[in-house]
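Only one structure is covered here, and it is reproduced in the block below.
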There are 2 protein chains.
Amino acid sequence: MTAKPARNRRTQADRSGEMRARLVEATVESLVERGYARTTTVEVCRRAGVTRGALHHHFADLPDLLAAAMSDTYERFFLAPARTRPFASLEAWIDDAWARLRQPAFKAVIEVWLAARNEPVLGRELRPAIDRYKLVFSIEASARLKALIGSSAEVQAFYRLACETLIGLALGRATTPGGRAVDHEAVVIATLKTLGRRITREAAA
Amino acid sequence: MTAKPARNRRTQADRSGEMRARLVEATVESLVERGYARTTTVEVCRRAGVTRGALHHHFADLPDLLAAAMSDTYERFFLAPARTRPFASLEAWIDDAWARLRQPAFKAVIEVWLAARNEPVLGRELRPAIDRYKLVFSIEASARLKALIGSSAEVQAFYRLACETLIGLALGRATTPGGRAVDHEAVVIATLKTLGRRITREAAA
DNA sequence: CAACAAACATACATAAATGTATGTAAATGA
DNA sequence: TCATTTACATACATTTATGTATGTTTGTTG
């Protein structure tokens with residue numbers, strides 16, 4: 001039996017998990033730094049420090065890997081932190097949402113969104129992952145959002161608007177050379193919060 | 001001398017102009033339908049119905065062609081229509097701006113933005129064209145916008161916000177399978193206009 | 001109406017990505 | 001412990017894009 005697990009003896013599940021994680025991480029990095037067009041299997045393997053054989057063993061092809069990378073980013077950056085307490089205000093939600101969308105990793109999501117639209121084959125394989133992603137902004141899917149927005153049509157409409165605004169800002173970051181903040185980012189966020197406060201106040205009245 | 005210009009005799013300037021136009025048009029189409037990653041010289045030539053030799057004669061390389069495509073879209077969709085009368089209201093500006101950003105051609109711009117960020121070589125060549133594009137949203141560069149916004153910091157901030165919102169919506173369209181409208185597009189536009197009216201009213205007071 | 005240059009086509013060499021096939025080391029389980 | 005499966009590496013064939021070089025047609029100009 002495997003009585004004494006030698007110092008560097010890892011279980012197969014461990015090896016698989018770690019390898020998949022490394023590959024997914026390398027994929028996201030490549031998407032952020034080099035974009036979809038230059039995110040090839042060789043590039044990902046180079047970053048992960050493994051051979052293409054390893055990649056091919058764990059993922060059927062690039063679409064498969066991208067779907068995994070997307071789901072992973074989705075889980076780590078958007079779902080996991082969302083399992084905390086409810087939002088105190090629209091302002092708090094804006095802070096929370098923007099803290100996520102401003103992450104460099106969100107550029108990877110944008111790249112995949114476009115790639116899925118651009119390449120039908122890829123789109124078919126990625127649709128499930130993408131649809132899960134969309135739920136991040138879905139009011140119905142989140143008890144926190146439902147509680148925050150309530151039944152006011154005005155608040156709900158403002159929420160939709162704020163989502164698009166944040167995505168616009170995120171695209172700005174994604175297209176800025178270093179992924180740095182775009183010029184008027186702070187002003188826009190501040191304005192969004194101000195408007196949020198007013199909408200909330202009026203809805204309460 | 002070229003006494004009687006035969007029916008199908010075209011001047012060299014004509015031929016060049018038409019060829020460049022065809023290539024640029026094919027490039028934009030390809031960017032919209034297939035994205036940057038699959039917009040190759042062969043694909044562009046296939047669409048334009050010419051050989052790669054022709055392309056290479058008019059454009060040094062793909063970055064050069066992309067810069068031309070970008071400038072052309074810029075000119076046709078954003079600058080040219082902007083030379084009309086001043087905006088009557090923020091609402092009118094929203095209508096005008098959205099009428100442009102909702103065009104499929106704007107997806108080509110987004111693709112180029114990302115490509116320029118993703119590939120340094122391309123970025124260097126495209127920077128001038130991109131910087132010109134940014135002027136579309138620049139208040140200082142447009143007398144119409146200056147007149148519309150005036151000196152109110154609130155109106156100016158709202159304008160910045162609205163720009164990001166519209167870009168967010170445009171990205172939504174760009175990532176939607178048929179380039180079709182995203183779910184809550186109409187609501188967001190309507191809300192933006194409502195807010196615009198309020199901001200204007202308050203700034204006047 | 002030459003001589004020349006511009007406009008466009010054809011052909012080939014090179015590079016890079018992908019898929020597949022096969023080989024080896026490590027882990028599992030009877 | 002040994003047969004078997006899983007994890008990963010190596011090698012090759014194919015495809016596709018690019019750059020470049022050279023050829024042919026069509027306009028321009030003295």
Side-chain angles (χ1 to χ4, degrees), chain A residues 1-27 30-31 34-68 115 118-119 121-122 125, chain B residues 1-27 30-31 34-68 115 118-119 121-122 125:
Chain A
M1 292 245 310
T2 64
K4 49 178 169 129
R7 58 227 156 285
N8 52 2
R9 179 182 174 88
R10 295 178 305 160
T11 174
Q12 281 187 336
D14 282 350
R15 287 172 64 180
S16 281
E18 290 173 22
M19 177 60 83
R20 289 179 65 97
R22 284 175 67 185
L23 286 168
V24 160
E25 186 183 5
T27 304
S30 177
L31 284 171
R34 304 174 41 118
Y36 167 74
R38 298 200 307 168
T39 293
T40 70
T41 57
V42 289
E43 169 66 15
V44 169
C45 291
R46 197 189 57 75
R47 284 174 183 266
V50 299
T51 63
R52 268 173 13 94
L55 190 153
H56 236 77
H57 181 70
H58 291 282
F59 302 95
D61 46 16
L62 207 130
D64 193 20
L65 176 61
L66 287 179
N118 286 328
E119 282 159 67
V121 187
L122 224 166
E125 188 146 355
Chain B
M1 292 248 307
T2 64
K4 46 178 168 129
R7 58 227 156 286
N8 52 2
R9 178 182 175 88
R10 296 178 305 160
T11 176
Q12 282 187 336
D14 283 349
R15 288 171 65 181
S16 281
E18 288 173 24
M19 177 60 82
R20 288 179 65 97
R22 282 175 68 185
L23 286 168
V24 160
E25 187 183 4
T27 304
S30 177
L31 284 172
R34 305 173 42 115
Y36 168 73
R38 297 200 308 168
T39 293
T40 71
T41 58
V42 289
E43 169 66 16
V44 169
C45 290
R46 198 189 56 76
R47 285 174 182 265
V50 300
T51 63
R52 266 171 17 93
L55 190 153
H56 236 77
H57 181 72
H58 290 283
F59 302 95
D61 46 17
L62 207 131
D64 193 20
L65 176 61
L66 287 179
N118 286 329
E119 282 159 68
V121 187
L122 224 166
E125 190 145 354

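Each chain gets a letter, A, B and so on, in the order the sequences are listed, and its residues count up from 1. Computed over heavy atoms, backbone and side chain alike; hydrogens, waters and symmetry mates excluded.
Within residues 13-22 of chain A, the residues having any heavy atom closer than 4.0 Å to DNA chain C are, in order of number, A:Arg15. DNA chain D lies under 4.0 Å from at least one heavy atom of each of the following residues of residues 40-54 of chain A: A:Val50, A:Thr51, A:Gly53, A:Ala54.
Considering all non-hydrogen atoms of both residues, A:Val44 and A:Leu23 come closest at CG1-O, 3.8 Å. The shortest heavy-atom contact between A:Thr39 and A:Gly35 is OG1-O, 2.6 Å.
A salt bridge links A:Arg46 with A:Glu43: the closest approach of a Lys/Arg side-chain nitrogen to an acidic carboxylate oxygen falls below 4.0 angstrom.
A heavy-atom distance below 4.5 Å is found between the side chains of A:Arg10 and A:Glu18. Counting only heavy atoms from C-beta outward, the side chains of B:Asn118 and A:Arg38 never approach each other to under 4.5 Å. Using a 4.5 Å cut-off on side-chain heavy atoms (C-beta onward), B:Glu125 and B:Val121 make no contact. Residues A:Leu66 and A:Tyr36 meet the side-chain proximity criterion, which asks for heavy atoms closer than 4.5 Å.
Remark: P of C:dA27 and CD of A:Gln12 are 8 Å apart, rounded to the nearest angstrom. The distance between atom CG of A:Asp64 and atom P of C:dT18, rounded to the nearest whole Å, is 14 Å. Spacing between atom CD of B:Glu119 and atom C1' of D:dA17 amounts to 13 Å, rounded to whole angstrom units. Between the P atom of C:dA17 and the CZ atom of A:Arg38 lies a distance of 10 Å, rounded to the nearest Å.
When distances are taken from the side chain of A:Leu62 to each of D:dA7, C:dT20, C:dT18, the shortest belongs to C:dT18. Of all nucleotides listed (D:dT20, D:dT6, C:dA7), D:dT20 comes nearest to the side chain of B:His56. The side chain of B:Thr11 sits closest to D:dT28 out of D:dA7, D:dT28, D:dG19.
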Base-pair string, DNA chain D, Watson-Crick plus G-U, cut-off 3.5 Å on both distances, | for inter-strand, is ||||||||||||||||||||||||||||||

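Atom OG1 of residue A:Thr41 and atom CG of residue A:Asp61 lie 10.0 Å apart, to the nearest 0.5 angstrom. Separating the CG atom in A:Leu65 from the OG1 atom in A:Thr27 is a distance of 3.5 Å, to the nearest 0.5 Å.
Formation of a donor-acceptor pair under 3.5 Å by the B:Arg52 side chain with backbone atoms of B:Cys45 is not found in this model. Remark: the backbone N or O of A:Ala48 is paired with a side-chain donor or acceptor of A:Arg22 at under 3.5 angstrom.
Within the 4.0 Å cut-off from OP1 or OP2 of D:dC8, not a single side-chain nitrogen or oxygen of A:His57 is found.
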